[in-house]
Amino acid sequence: MQNARTYRYGSSLARCQAPGQHKLSQTVAAAVCRSRPALSTQHLRRRMMEQQLVEQQPNQGVGSKLPHLSECVYLDYNATTPIFPEVAESMKPYTYEIFGNPSSVHAYGRQARAAVDKARRQVAELISCAPSEVCFTSCGTESDNWALWGAVMARRSSSQQGLPHVVTSQIEHPAVTACLRSMADMGLCTYTTIPVNAQGLVSAADVVAALTPDTVLVSIMHSNNEVGALQPVGEIAAAVRQAAPSCLIHSDAAQSMGKVAVDVQELGVDLLTLVGHKFGAPKGVAALYVRRGVQLANLLNGGSQESGRRGGTENVVLLAALGAAAELARSEAAEAAAHMRRMRDRLASGLLAALPAHLVRVNGPDDASLQLPNTLSISVRGLSAPSLLQMLADKLAASAGAACHSSYGPAVSPVLQAMRLHPDYAVGTLRLSTGRHTTADEVDAAVQLIVGAARKQGLDFSSSDCSGDSSRSAASVQRQH
């Protein structure tokens, strides 16, 4: 039985054997095949079915509809993307045939190592850095925690006096804010959170003003996941460099990858987080860019993987997927961004034409160049966004700016609180995010679903201009300033 398995699936093994050693002869091989006719037939049938599926779906690129998203309109790409078809295809060799430990020196290990090295190059090309500056991790939370912990603990292990200090903003992901709270509670550091303006933007001047002689790190996200505000990370980095040359700069770019260009050289950052499942790869794989020469304490200690910076055997299949997603994001950057923007603008126009004008506002920057191309944060006074999404849970996938009601009332997101959005609007905030595979039909269906659910909630359409004028745009609607 073992020989049959080796013959059928052991092409990799056969290539690494020396000539004449332990090879099955044609006669024995034929006998093995005859002994397992059912398995051989199943194998061939599976291959044929896979080929038929590929032929039936010639268009899997930007703007194509994924068949498994047909039952429920998916407008929650900022939460996670589906695994893109090309990425899923890239994973196949590593789910069974190429299974070696990348640290092993034999043929199986070398195949796995080649896949890891390729993925590292692909990620490096996406963000314009050297492959040696890419450290693979399991998720964005690990990358963010490592950046914070690593900077703080590197300072504490040095001869410098004073408690390490970190500067961040009020709209960061919990992977940053919760980590800082935990380290502060343990007495490892202090930190300052700076405010944002009503458009969700951080000021470089405010960051510089928060610096102290003990500041070891500034961590400002590249783009906000809720309102799509692109932060002036490059401007912040330049200002910090001038005011505190030894201070490290970290940016969580999880939400930006695959939507806008992220170039670590242009940004001037020392550390940058990227997350696979935000741009077409599976969950469970991410990376931290660490600029050459930066001293960062390890978060995970163990083996010598990642050049001794992060112990743990590499997950080859997920890394192959991350690399493929990075290559896609780089090669189709302009096309994907333009498509997402068209879908987002179509969605905004449809909702603004149908909903009562005096009850609606769009959140985020007025300047389109300061917005993610795919994100629409829209607030409707008098609407309960959590209830609406619960009502449409089987028909529409999106996110709300407030959690479900509790005995203490709705829990508004910290981002909307930081932007000082009025609670009446915050409770009615929907975050709708388009993606690579969003279609116009899905957008139009979403508009009808949201408007219909709003009517069922009792939203007053009678005293407003809901004439169906699709020329109304996000720029013309009332904003919170």
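Keep in mind the model is a prediction, meaning the values are calculated, not measured.
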Can you check whether Ala205's main-chain N or O pairs, donor with acceptor, with Ser203's side chain at less than 3.5 Å?
yes

Between Lys118 and Glu327, does the salt bridge (charged side-chain N to carboxylate O under 4.0 Å, His left out) criterion hold? Intermediate values first, please.
CA-CA 11 Å; Lys118 179 181 178 182; Glu327 188 169 311; 5.5 Å; no

For the residue pair Asp263 / Ser128, report whether a side-chain donor-acceptor contact shorter than 3.5 Å exists.
yes

Does anything in residues 128-145 pair up under salt bridge (Lys or Arg N to Asp or Glu O under 4.0 Å), and if so which pairs, sequence neighbours excluded?
Glu142-Arg310

Yes or no on side chain to side chain donor-acceptor pair (under 3.5 Å) for Thr80 and His277, after CA distance, side-chain angles and deciding distance?
CA-CA 6 Å; Thr80 191; His277 78 94; 2.8 Å; yes

Option from Thr434, Asn78, Asn224, Asn363 for which side chain to side chain donor-acceptor pair (under 3.5 Å) with Thr375 holds
Asn78

Is it true that the NZ or CZ of Arg361 lies under 6.0 Å from the centre of Tyr425's six-membered ring and within 45 degrees of the ring axis?
yes

Show the numbers, then the answer: is there a salt bridge (charged side-chain N to carboxylate O under 4.0 Å, His left out) between Asp76 and Arg431?
CA-CA 8 Å; Asp76 207 14; Arg431 184 194 71 180; 3.0 Å; yes

Taking everything shown except Gln242 itself, do over 12 heavy atoms lie less than 6.0 Å from its CD?
no

Salt-bridge criterion met for Glu71 and Lys395 (N-O under 4.0 Å):
no

Are a donor atom and an acceptor atom from the side chains of Thr193 and Thr168 found within less than 3.5 Å of each other?
no

For Glu226 and Ser413, test the side chains for any donor-to-acceptor distance below 3.5 angstrom and give the result as yes or no.
yes

Please lay out, stage by stage, how His437 and Tyr77 fare under the test ring-ring contact (aromatic ring centres under 6.0 Å, His included).
CA-CA 10 Å; His437 293 283; Tyr77 275 78; 7.6 Å; no

Where do Arg436 and Glu86 land on the salt bridge (charged side-chain N to carboxylate O under 4.0 Å, His left out) test, with the steps shown first?
CA-CA 12 Å; Arg436 183 180 191 253; Glu86 300 92 332; 2.8 Å; yes

Does the pair Asp270 and Arg241 meet the rule for a salt bridge (charged side-chain N to carboxylate O under 4.0 Å, His left out), with working shown?
CA-CA 11 Å; Asp270 302 292; Arg241 288 269 184 263; 2.9 Å; yes

Between Thr215 and His165, do the side chains contain an N or O donor and an N or O acceptor separated by less than 3.5 Å?
yes

